[in-house]
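Take a look at the structure below.
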Number of protein chains: 2
Amino acid sequence: MSLRVGIVGGGQLARMMIAPAVELGVQVSVLAEQDGMSAQLAATAVGDYRDLDTVAAFAKDVDVVTFDHEHVPQDVLRALVDAGVSVHPGPDALLYAQDKLLMRARLDELGIPQPDWAAFSDEAGLQSFLDAHGGRAVVKTPRGGYDGKGVRVVSDAAAAADWLGDLPVGGQLLVEELVAFSRELAQQVARRPSGGLVAYPVVETVQRDGVCAEVLAPAPHRSDRLTAVAAQIGTGIAEGLGVTGMLAVELFETLDERLLVNELAMRPHNSGHWSQDGAVTSQFEQHLRAVLDLPLGDVDARQPWSVMVNILGGPAEGTLEDRLPAALADHPAVKVHTYGKSPRPGRKVGHVNAVGDDLDAVAYEARAAAAHFS
Amino acid sequence: MSLRVGIVGGGQLARMMIAPAVELGVQVSVLAEQDGMSAQLAATAVGDYRDLDTVAAFAKDVDVVTFDHEHVPQDVLRALVDAGVSVHPGPDALLYAQDKLLMRARLDELGIPQPDWAAFSDEAGLQSFLDAHGGRAVVKTPRGGYDGKGVRVVSDAAAAADWLGDLPVGGQLLVEELVAFSRELAQQVARRPSGGLVAYPVVETVQRDGVCAEVLAPAPHRSDRLTAVAAQIGTGIAEGLGVTGMLAVELFETLDERLLVNELAMRPHNSGHWSQDGAVTSQFEQHLRAVLDLPLGDVDARQPWSVMVNILGGPAEGTLEDRLPAALADHPAVKVHTYGKSPRPGRKVGHVNAVGDDLDAVAYEARAAAAHFS
């Protein structure tokens, strides 16, 4: 068999597939948006992922096409599949990662627990949802949001006026119940085209300003019931939507201990970066194995605790590399991962993983090491 | 600071530096001997490493030059250093990895324990060594040998006649005592140009037909004394010879429990492949950190036991990739590493690492997984 995976998108998720690909003997190539991106080393083409000819030409020399992001248009994806290209995840699954309204409707059909939600196209529709949910709610654009973008907490209908004004004819926005949660969790699952599936340990994600700041793996203080329900939700979504490759399900744990689905991602995800140094099989290796329909790897943690802390923004002056000597000197056991991106406020430019027996010590180590880069 | 490492040589050792380089943010480039080599993904140049112009042109765009092998001629190395290029390990150290006669003489001066040895240039010289050592000895060509090549056990002086006949004027061969050993060990050490040094746990290496077949890490049944003496030998050699980067010292453990130095390698080494999945810092990451004079990483084992088994030769029919599905299905927790090389009898084409709490179980797992590829 041949093991050539083409990744559309040259960001850090594509970059982090390079290491396990080289070790396992998978030939990765990348269709990058421009020169000098994170996954530059494996870039074999530069072009617009919205252009069918560009993507089809890239797909010619690979066995499977997969993705660094979920933005490749449906018509491009479907044309590839029609031309016989193996695409994982496929358009029928990716649809639900691309459109949050479709996702909410489909999860309801599957009986997956999620916040109350509604589609609306005018202020009256939003106001009626607000009235029924204590006067506050979360408005989302169905497409294109990430890292807190396209998401807004509102307490009156006028606060969505600008987004409503930008809606195309027949367009709708999504409004969701503002969930009273005790914390946020994430469940990752990998699924093969031929059906095999594995569920990673559920993790706790800590968000700041709508962006993932750190991840504790596995989630502390988790009951067996919580672990099982999270895995059941992840498995149900992967199978219900026909996801292939890695699936990340962001979850709210409510004050009354229910789990509700927040967002989905059908690719390696920030909530799984801990697995590079903390799990037997990292999410990046697992994604490659899954999209190639190879047997999936063991998802057990290598150590009792892993903590991942994002490097957000990077140093105000100089480069990440300038800070490396001091960080490595003070923290010889942490693993520093950088993305080859220039520092910019709020930008994810790298992360740090620490592992060990004692959660407090591991978290301190990861945070202290990451602080060297801010 | 800038982190650009140029590796001379495109073999599997260069290939295995790619993964940690990408994660740490080190830009690696490779001067490959030809197209399509193991480290192809990072190859930026193809050319003859014996040609100064070729190597000097390659060195222009990097901060440090290091190596996949020890074959770059001294005059090329010295010209680079004279031109201001940072070369690690440097020519003064590499000399002792290139010439076994110089190595033996220098280790004697440093008081490092090693087998009895002598230089000889005719049959009479060899016969006199044989007479003094029970009639059997090991003859080696001082240069160019590896994986059992250039090494011959002899019991009469005529058995070296062909090598003697090929000697240039003034040339010498090396003869060494045939050591009665209980097993073979390897000690790895990393050393920075500014002097920092770390010693990995000593490991046991199992050879078949002069080639490393498997490695048990750390060495089973080791006393604290053995661990300390091995580390002391490794440290003494690294400091005594001024080695920078990774140093591997192959050792005999004698029947009377002494350690004697067999061979040296100044680069990542087969005896350290276990560290990719079994140590906090792999030898490949450590080598990059060391040659860049970055602080060295923790060398602790992540698990009580790691076992590395080489994939030698590969399948008689088909490719390594053909065997991957069955191997991964049967062994979801092992890590398979392949080198992008075509199968050929005796050739090192990949290896398998297994880790865990129970040595017998770990060794079984690694051997069974590797057997899928033969």
Side-chain angles (χ1 to χ4, degrees), chain A residues 1-3 15-29 38-42 196 198 276-277 280-281 285 289 292-300 302-303 318-341 349-350 353 355, chain B residues 1-3 15-29 38-42 196 198 276-277 280-281 285 289 292-300 302-303 318-341 349-350 353 355:
Chain A
M1 64 187 299
S2 168
L3 303 174
R15 177 189 181 95
M16 289 188 274
M17 291 185 218
I18 296 173
V22 169
E23 291 309 317
L24 199 56
V26 172
Q27 290 174 56
V28 280
S29 51
S38 289
Q40 175 75 17
L41 184 64
V198 289
Q276 291 177 302
D277 303 295
V280 174
T281 309
E285 178 181 346
R289 288 164 76 146
L292 283 162
D293 205 17
L294 286 170
L296 301 175
D298 194 330
V299 292
D300 288 347
R302 290 161 171 261
Q303 298 279 338
T319 65
L320 284 179
E321 289 72 25
D322 296 335
R323 308 297 185 92
L324 206 52
L328 296 181
D330 286 357
H331 304 282
V334 307
K335 307 317 288 182
V336 176
H337 302 263
T338 66
Y339 306 157
K341 293 158 76 173
V349 294
N353 284 332
V355 302
Chain B
M1 66 186 299
S2 166
L3 303 174
R15 177 188 181 96
M16 290 188 273
M17 291 186 218
I18 296 173
V22 169
E23 291 309 316
L24 200 56
V26 172
Q27 291 174 55
V28 280
S29 50
S38 289
Q40 174 76 18
L41 185 63
V198 289
Q276 292 177 304
D277 302 295
V280 174
T281 309
E285 177 181 347
R289 289 164 76 145
L292 283 162
D293 205 18
L294 285 170
L296 300 175
D298 194 332
V299 292
D300 288 348
R302 290 161 172 259
Q303 298 279 338
T319 65
L320 284 180
E321 289 73 25
D322 296 336
R323 308 298 184 91
L324 205 52
L328 296 181
D330 287 356
H331 304 282
V334 308
K335 308 317 289 182
V336 176
H337 302 263
T338 66
Y339 306 157
K341 292 158 78 173
V349 294
N353 283 333
V355 302

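Just so we're on the same page: letters track the sequence lines, and every chain starts at 1.
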Quiz prompt | Spacing of A:Lys335 atom NZ and B:Glu23 atom CD [to the nearest 0.5 Å] | solution = 10.5 Å
Quiz item: Using non-hydrogen atoms only, which part of A:Leu296 is less than 4.5 Å away from chain B: side chain, backbone, both, or neither?
Solution: backbone
Practice problem: Quick one: list whatever passes salt bridge (Lys or Arg N to Asp or Glu O under 4.0 Å) with A:Arg15, sequence neighbours left out. | Solution: none
Practice problem: Find the one option among A:Gly196, A:Ala327, A:Ala333, A:Pro332 whose heavy-atom pairs under 4.5 Å with chain B are most numerous. | Solution: A:Pro332
Quiz item: In Å, rounded to the nearest 0.5 Å, how long is the span from CD1 of B:Ile18 to CD1 of A:Ile18?
Solution: 9.5 Å
Exercise. Please list, chain by chain and in numerical order, all residues satisfying side chain to side chain contact (heavy atoms under 4.5 Å, CB included) with A:Val336, sequence neighbours excluded.
Key: A:Leu324, A:Leu328, A:Val334, A:Thr338, A:Val352, A:Phe373, B:Leu24
Quiz item: Taking all atoms of both residues into account, what is the closest heavy-atom pair of A:Ala19 and B:Ala19, and its distance?
Solution: CB-CB, 3.5 Å
Practice problem: Side chain from CB out, backbone as N, CA, C, O: work out which of these in B:Asp300 comes under 4.5 Å of a heavy atom of chain A, or both, or neither. | Solution: neither
Practice problem: Report the option among A:Leu320, A:Val28, A:Asp277, A:Val198 that has the most heavy-atom pairs separated by less than 4.5 Å from atoms of chain B. | Solution: A:Asp277
Self-check item: Nearest-0.5 Å distance, CD of residue B:Gln27 to CD of residue A:Gln40
Solution: 9.0 Å
